[in-house]
Amino acid sequence: GLTVVSTVSSVTVPSTTYSVTKTAEDVAAQTGTFKLTSSLAVDRIYYTKDGKEPTASSSYVANNGTITEVACDTTIKIKGYLNGVLDDETYSYTAYITPKAPTITWSSDYNNNFTVTDNNTSDTAAIYVTIDGTNPSASNTTDVRTISTAVGTVKAVAVRHGLTSTITTSTHTIKLATPTISWSPRAAASGGGQVATITCSNIKGVAFYYTTNGDAPTTSSTSKVAS
């Protein structure tokens with residue numbers, strides 16, 4: 001109800017219902033604009049953004065007025081004011097902003113390892129990831145960090161306070177590393193000569209081809225699979 005804060009001896013004020021509505025947000029800045037409303041046609045709505053109780057010395061807006069640049073997780077408290085009477089009841093509301101989308105970073109052009117970074121530093125979010133091209137949701141894993149093929153699409157979202165970021169999508173094609181050949185002497189008991197060791201720094205399962213007669217290798221040549 002409303003309590004008399006003036007010298008009026010007695011006054012009857014009807015009850016009111018308050019609401020706070022987000023009308024706009026800046027996801028990059030993690031701030032929003034919020035409308036303060038009373039169901040009663042009050043003269044003013046006093047408010048605070050620091051968790052303190054509003055008083056007649058606090059900032060105010062007209063009914064249905066807006067306040068801007070409200071940071072995520074800010075507690076807004078409001079009281080109505082009508083005909084010299086300030087409400088003795090306080091309405092509290094916590095402002096939430098849609099989280100920033102995560103960032104996907106591949107560790108190398110030559111492997112399939114990646115990192116997903118939460119860009120919400122002041123109020124962290126849960127990150128959900130898919131590696132099959134489908135859109136992620138809270139039912140997906142949060143700890144996957146690698147794909148199993150040479151070409152793959154990773155998608156990730158941030159979820160916080162029931163709000164979901166835009167989806168970050170990154171498709172990665174692994175570049176094929178050039179195989180290297182190293183030589184070492186073969187033991188005399190095995191016939192002597194040199195032994196060629198062919199290695200490839202790509203992921204496990206990549207095939208490479210080689211020849212031993214000086215011809216250029218093709219996909220019909222002898223092959224070996226990286227392990």
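Source: prediction; values computed, not measured.
Residues L82 and D43 approach most closely at CA-OD2, 3.5 Å, considering heavy atoms. The minimum heavy-atom distance linking T164 with T98 is given by the pair O-CG2, 3.4 Å. A156 and V116 get closest at one heavy-atom pair: CB-CG1, 3.9 Å. Across all their heavy atoms, A158 and I127 have their closest contact at CB-CD1, 3.6 Å. I97 and R160 get closest at one heavy-atom pair: O-NH2, 2.7 Å. Across all their heavy atoms, T134 and T130 have their closest contact at O-OG1, 2.5 Å.
Within the 3.5 Å criterion, the main-chain N or O of S39 finds no donor-acceptor partner in the side chain of T17. At distances below 3.5 Å, at least one donor-acceptor pair connects side-chain atoms of N120 with backbone N or O atoms of K100. Side-chain atoms of T153 do not come within 3.5 Å of backbone N or O of G133 as any donor-acceptor pair. For the pair K49 (side chain) and V70 (backbone), a donor-acceptor distance under 3.5 Å is absent. Judged by distance alone, the side chain of N63 and the main-chain N or O of S38 form a donor-acceptor pair under 3.5 Å. Formation of a donor-acceptor pair under 3.5 Å by the K79 side chain with backbone atoms of D87 is found in this model.
If you take CD on Q30 and CG on D73, they are separated by 9.0 Å, rounding to the nearest 0.5 Å. Here I67 contributes atom CD1 and S59 contributes atom OG; the two are 9.0 Å apart, rounded to the nearest 0.5 Å. Distance check, rounded to the nearest 0.5 Å: SG of C72 to CD of E25 gives 9.0 Å. Note: T74 OG1 to F34 CZ = 8.0 Å, rounded to the nearest 0.5 Å. Between the OG atom in S170 and the CH2 atom in W106 there is a gap of 5.5 Å [rounded to 0.5 Å]. In this structure, I76 CD1 and T90 OG1 are separated by 13.5 Å, a value rounded to the nearest 0.5 Å.
Put simply, the residue from T21, T37, I45, L36 that forms a side chain to side chain contact (heavy atoms under 4.5 Å, CB included) with N64 is T37.
K35 and T66 form no side-chain donor-acceptor contact under 3.5 Å, judged by distance and modelled atom types alone. No side-chain donor from either of T33 and T68 sits under 3.5 Å from a side-chain acceptor of the other.
Follow the hydrophobic side-chain contacts under 4.5 Å out from V27 and you never reach L163; the two are in separate clusters. In terms of hydrophobic clustering, with Ile, Leu, Val, Met, Phe, Trp and Tyr side chains grouped at heavy-atom distances under 4.5 Å, V159 and V129 are assigned to different clusters. Hydrophobic clustering, with ILVMFWY side chains joined whenever heavy atoms are under 4.5 angstrom apart, keeps I104 apart from V157.
Contact check for F114 versus I131: side-chain heavy atoms found under the 4.5 Å cut-off. Using a 4.5 Å heavy-atom threshold, the side chains of P217 and T211 count as touching. Here the side chains of Q194 and P185 are in contact, with some heavy-atom distance below 4.5 Å. Contact annotation: the side chain of K77 approaches that of E53 to within less than 4.5 Å [non-hydrogen atoms, C-beta and beyond]. Side-chain contact between N113 and S108: absent, with no pair of heavy atoms (C-beta onward) separated by less than 4.5 Å. The side-chain heavy atoms of V154 and H172, taken from C-beta on, include no pair separated by under 4.5 Å.
Atom CD of E69 is surrounded by 12 or fewer heavy atoms from other residues, nucleotides or ligands within 6.0 Å.
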Could you go through L86 and Y81, starting from their C-alpha distance and side-chain angles, then the distance that decides it, and tell me whether this counts as side-chain contact (heavy atoms from CB on, under 4.5 Å)? CA-CA 4 Å; L86 184 67; Y81 181 86; 4.1 Å; yes
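Using cut-offs of 30° and 60° for the angle between ring planes, the Y91 and Y18 rings count as tilted.
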